[in-house]
Amino acid sequence: VEHHGSDDFLIPNTADRYSVSMNSVARRADGTFVVTLSKAQAEGNWIPVVGGRFDLTIRLYNPQAAVVTDPAHVALPTIKKVSCE
Amino acid sequence: MIARSWKWIAATLLVAVVVHGASVFLLPRLIMIRTMVGIAKPAGINAIMHTPRSTWRSRGVVRPSPDLLYSICVYDLSAANGGVRVSTHDAPGTYWSVSVFDADTNNFHVLNDRQAKTGTDFLLIAAGTSVEAGPLPVIAAPTNRGIVLFRTLVNDETHIAEIDAARHYAACEPYRAAVR
C-alpha cells in the first residue's frame with residue numbers, strides 16, 4: 001500500500017517512508033494490520049503525510065488466480081478517518 | 001433565426017470533434033515524446049538506464065512505486081539497423097516484469113516472472129520488417145520509437161542489494177543484423 005499526493009507524486013517526508021508491504025508491515029496476533037497515516041510520528045506502522053489531499057494505492061504482485069478472475073471480491077483493507085485538521 | 005442557431009450548433013460540433021480528435025490522437029503521443037526526451041537526455045537511445053529507487057524527489061513519471069526498482073530504455077528502431085535486443089535475467093524470489101510501450105502509450109508486449117521464470121531475451125523490430133534473429137523471439141513494434149520498462153519488486157528490504165544487482169543484468173541494445 002503506497003500513498004501519493006494530489007500531484008500524483010510521492011509525498012515529501014524526512015523519514016523516506018511511502019508505503020508498507022506484505023513483508024514490511026507489522027501484524028497483530030490474528031494476522032491483521034493497522035497502518036497510521038499522519039503528520040506526527042505514530043506507533044507501529046506509520047506513513048508520514050503532510051497537509052492536503054492524498055490517495056492510497058494497493059498493488060498486488062503475482063496474486064492468486066482468484067484475484068485476477070474476480071478482483072471485485074478481494075478483501076481490501078478498510079480505511080478509517082480518525083481525526084482531521 | 002433558425003439558420004443562425006444551426007451555425008452555432010455546427011460550430012460547436014466542429015470544435016468538439018477537433019478537441020476530441022486532438023485529445024485522443026495527439027495527447028498520448030505528446031506525453032510519450034515528453035517522457036522519451038526526458039529519459040533519453042541522461043540515458044541515450046537504445047540504452048538502458050537503472051534509476052535509483054523512487055522517493056518524493058522522483059518527478060519524471062507520475063505515480064512511481066516506492067517498492068519497485070525501475071530500469072528504462074527509449075528505443076528507436078530506425079537508429080538500430082535491424083532491431084533492439086531486450087533481455088533480462090531472473091530476479092530470484094521476487095516479482096519482475098518487462099513492458100514495451102509504443103509511441104502512443106500503448107503497452108503492446110509484457111512479460112513477468114511467472115511467464116518467463118529464468119528471464120527473457122527477445123528482439124524488437126519495426127512492424128513490416130524482418131531480421132535474422134536466430135532463436136530469439138521477435139516482437140514487432142507498432143511504432144519505431146517507444147519505451148521498454150523493467151520493473152523489479154523490492155519484496156524484502158534485507159535483500160535489496162541482491163535484487164538491485166539482479167536487475168543490472170537487463171539489457172536494451174541495438175541488434176547488429178541486416179534487415180532483409
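In what follows, chains are A, B, ... by sequence order, proteins preceding strands, each numbered from 1.
- No continuous path of ILVMFWY side-chain contacts below 4.5 Å connects B/I72 to B/L69, so the two sit in separate hydrophobic clusters.
- Rounded to the nearest 0.5 Å, atoms CG (B/L153) and OG (A/S21) are 7.5 Å apart.
- Of all heavy-atom pairs spanning B/W56 and A/N13, the tightest one is CD1-N, 3.8 Å.
- Between A/Y18 and B/T55, the shortest heavy-atom distance links the atoms OH-CB, 3.4 Å.
- Contact of B/V61 with chain A is made through the backbone alone, with heavy-atom distances under 4.5 Å.
- Under a hydrophobic-cluster definition in which Ile, Leu, Val, Met, Phe, Trp and Tyr are linked whenever side-chain heavy atoms come within less than 4.5 Å, directly or via other members, A/V35 and A/L60 are assigned to the same cluster.
- Contact of A/N62 with chain B is made through backbone and side chain together, with heavy-atom distances under 4.5 Å.
- Shown here is A/I79, whose CD1 atom has no more than 12 heavy atoms of other residues, nucleotides or ligands within 6.0 Å.
- A/R17 does not touch chain B: none of its heavy atoms, backbone or side chain, sits under 4.5 Å away.
- Summarising the local packing, CZ of A/R28 is surrounded by more than 12 heavy atoms from other residues, nucleotides or ligands at distances under 6.0 Å.
- There is a side-chain donor-acceptor pair under 3.5 Å between B/S65 and A/E2.
- With A/F9 as the partner, the side-chain contact (heavy atoms from CB on, under 4.5 Å) test is satisfied by one option alone out of B/R63, B/R59, B/R57: B/R59.
- By the rule that hydrophobic residues join a cluster once side-chain heavy atoms approach within less than 4.5 Å of another member, A/V25 and A/L37 end up as members of one cluster.
- The environment of CD in B/Q115 is crowded: more than 12 heavy-atom neighbours from other residues, nucleotides or ligands sit within 6.0 Å.
- With hydrophobic clusters built from ILVMFWY side chains whose heavy atoms lie under 4.5 angstrom apart, B/L123 does not share a cluster with B/L111.
- The cluster map of Ile, Leu, Val, Met, Phe, Trp and Tyr, joined by side-chain heavy atoms under 4.5 Å apart, puts B/I160 and B/Y169 in different clusters.
- Summarising the geometry of B/D67 relative to A/S19, their closest heavy-atom pair is OD2-OG, 2.9 Å, with the distance given to 0.1 Å.
- Heavy-atom distances place both the backbone and the side chain of B/S54 under 4.5 Å from chain A.
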Item to check | Test log, rule side-chain contact (heavy atoms from CB on, under 4.5 Å), inputs B/L68 and A/Y61 | outcome: CA-CA 11 Å; B/L68 289 172; A/Y61 300 103; 3.4 Å; yes

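- Under a 3.5 Å cut-off, the side chain of A/D8 and the backbone N or O of B/V62 do not form any donor-acceptor pair.
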